[in-house]
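Computed over heavy atoms, backbone and side chain alike; hydrogens, waters and symmetry mates excluded. These numbers were taken from a predicted model, which means no experiment stands behind them.
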Amino acid sequence: MHSDGTVSIRINGEHRRVRGGITLAQLARELGLVPEKVAVERNLEIVPRSTLETVAVEDGDELEIVHFVGGGDHDDRWTVAGRTFNSRLIVGTGKYKDFEQNAAAVEAAGAEIVTVAVRRVNVSDPNAPMLTDYIDPKKITYLPNTAGCFDAESAIRTLRLAREAGGWDLVKLEVLGEARTLYPDMVETIRATEVLAKEGFKPMVYCVDDPIAAKRLEDAGAVAIMPLGAPIGSGLGIQNRVTIRLIVEGAKVPVLVDAGVGTASDAGVAMELGCDGVLMNTAIAEAKDPIMMARAMRLAVESGRLSYRAGRMGRRMYADPSSPLAGLI
């Protein structure tokens, strides 16, 4: 059980934290389901429906919850820090030529979350256009981030201000090591994660593609692990699929590739590795046609997710004919 009284589980393949001691029936109701109309498998064993009111969820449980629907169920939402979303594509709000283009890209991407940098108010021109004039925070979830912070103190200070300004507790934490590579400083990142989690923040944390570092972040209170695929803004694509996959397999919280995506195929790879989502900014904002690229990224994330859920064929060293050779003339 975590320090906040929650436990980490997987429901139908999705990471989720729920309160400790909750029964399977209570969990079903919180998911908007009727316990009497679902079947629950817990750690590969069927739980009799008559016991759902008494069987409590435990840390590390793997649950499969099914029911009957007409025509197939295409619902494939994901949850982070108790909040559920349909879109698995998170879009940034930098580098666009203007706020109008940014808003159009968010719509084309179907994104429900956007990252926003916390910056000083323009006191010399308080009537200057603001992002909130174009992207409604009541419809799109704002994810304040600590872009440009190079130590734990400045990152913590930035997010405290963000919470005061907008009431946000779901935030994106990044603490950079140096300006040339924009690689994260993991010592400072872990330290900031611990402080923020104790203060009630729910940090989604940018990190190196290292399974050990990812686990330490999770233990420190990260609600999502966000390893880089390649350096920020590089567009190089995922450079180390093995470590990303290891992070996905070992995490009990959502895993999202955060940096390095350059084109739609990169986003598809991230999703085929089992990531819960992808965050990108430059790949869309610096495309020749940002709106078209946003649509491409949306489709890539959706198709990559479907491919992961479908389960790819096994790899073989030699050919295996699609048609039988016996009986050929």
Side-chain angles (χ1 to χ4, degrees), residues 1-22 27 43 57-63 78-85 88 90 113 115 143-146 149 152 155-156 159 168-177 183-229 238 240-259 270-271 273-279 308:
M1 182 178 295
H2 300 282
S3 58
D4 61 357
T6 63
V7 295
S8 296
I9 63 174
R10 275 180 178 264
I11 304 176
N12 295 353
E14 297 294 332
H15 302 283
R16 187 181 288 245
R17 280 193 183 185
V18 299
R19 68 177 188 275
I22 189 173
L27 176 60
N43 303 325
V57 173
E58 297 180 3
D59 193 56
D61 274 351
E62 299 268 351
L63 304 179
W78 69 289
T79 300
V80 58
R83 305 181 192 188
T84 300
F85 300 94
R88 295 173 180 271
I90 300 176
I113 306 175
T115 58
L143 187 67
N145 70 19
T146 58
C149 292
I156 293 167
L159 292 177
W168 294 292
D169 57 1
L170 182 63
V171 295
K172 182 195 168 189
L173 171 67
E174 59 180 70
V175 185
L176 305 175
Y183 258 60
D185 181 329
M186 291 311 301
V187 173
E188 291 292 280
T189 299
I190 292 172
R191 188 158 68 89
T193 301
E194 291 173 340
V195 172
L196 291 167
K198 288 177 181 177
E199 293 185 6
F201 286 94
K202 298 174 175 60
M204 301 173 66
V205 188
Y206 167 66
C207 63
V208 293
D209 55 341
D210 175 358
I212 306 304
K215 184 60 179 174
R216 288 179 178 170
L217 281 174
E218 188 175 333
D219 293 341
V223 299
I225 306 299
M226 307 180 77
L228 54 81
I238 297 175
N240 199 332
R241 302 184 186 189
V242 173
T243 52
I244 297 293
R245 180 63 189 176
L246 289 173
I247 291 172
V248 170
E249 290 179 356
K252 294 181 180 179
V253 297
V255 176
L256 301 90
V257 164
D258 187 0
M271 298 308 298
L273 289 173
C275 291
D276 295 276
V278 183
L279 189 155
Y308 171 73

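- In this structure, the side chains of V80 and D276 stay at 4.5 Å or more apart for every pair of heavy atoms.
- Of all heavy-atom pairs spanning P254 and V223, the tightest one is CD-O, 3.3 Å.
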Could you give the side-chain donor-acceptor pairs of residues 200-212 under 3.5 Å, partners two or more places apart or in another chain?
residue: K202; atom: NZ; partner: D169; partner atom: OD2; Å: 3.4
residue: Y206; atom: OH; partner: L182; partner atom: O; Å: 3.0
residue: D209; atom: OD2; partner: T243; partner atom: OG1; Å: 3.3
residue: D210; atom: OD1; partner: I212; partner atom: N; Å: 2.9

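- In plain terms, the two heavy atoms of P227 and V255 that are nearest each other are CD-CG1, 3.9 Å.
- Residues that satisfy the side chain to side chain donor-acceptor pair (under 3.5 Å) test with D59, not counting sequence neighbours, are absent from this structure.
- Considering every non-hydrogen atom in both G20 and V7, the closest pair reads CA-CG1, 4.2 Å.
- Take Y308 and apply the ring-ring contact (aromatic ring centres under 6.0 Å, His included) test, not counting sequence neighbours, and it matches no residue.
- Counting heavy atoms from C-beta outward, V257 and L273 have side chains that stay 4.5 Å or more apart.
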Checking L143 against T115 for the side-chain contact (heavy atoms from CB on, under 4.5 Å) test, could you report, in this order, the C-alpha distance in whole Å, the side-chain angles of both residues, the deciding distance, and whether it holds? CA-CA 5 Å; L143 187 67; T115 58; 3.9 Å; yes

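- In this structure, the side chain of N43 engages the main chain of E62 through a donor-acceptor pair within 3.5 Å.
- The CG atom of L246 sits 8.5 Å away from the CG atom of N240 when rounded to the nearest 0.5 Å.
- Scanning for side-chain contact (heavy atoms from CB on, under 4.5 Å) contacts around E194 gives I190, A220, with sequence neighbours left out.
- A 4.5 Å side-chain heavy-atom check between L256 and L279 finds every atom pair outside the cut-off.
- The local environment of CZ in R216 is sparse, with at most 12 non-hydrogen atoms from other residues, nucleotides or ligands closer than 6.0 Å.
- Note: I90 CD1 to K172 NZ = 9.0 Å, rounded to the nearest 0.5 Å.
- A155 meets the side-chain contact (heavy atoms from CB on, under 4.5 Å) test with T146, C149, L173, V175; sequence neighbours excluded.
- Annotation for A270 and V278: closest pair CB-CG2, 3.8 Å, computed over non-hydrogen atoms.
- Within the model, atoms CG of L27 and CG of D61 stand 10.0 Å from one another, a figure rounded to the nearest 0.5 Å.
- Closest approach of M186 and A213 over heavy atoms only: CE-CB, 4.0 Å.
- For the atom pair CD1 of I156 and CZ of R191, the computed distance is 6.5 Å after rounding to the nearest 0.5 Å.
- The side chain to side chain donor-acceptor pair (under 3.5 Å) search around E58 returns none, not counting sequence neighbours.
- Contacts of K215 classified as side-chain contact (heavy atoms from CB on, under 4.5 Å), with partners at least two apart in sequence or in another chain: E218, D219.
- Within the structure, side-chain hydrogen bond (donor to acceptor under 3.5 Å, both in side chains) contacts touching residues 7-22 (residues at least two apart or in different chains) are H2-S8, R10-H15, E14-R88, E14-R305, R16-T79, R19-E30.
- Contacts of R241 classified as salt bridge (charged side-chain N to carboxylate O under 4.0 Å, His left out), with partners at least two apart in sequence or in another chain: none.
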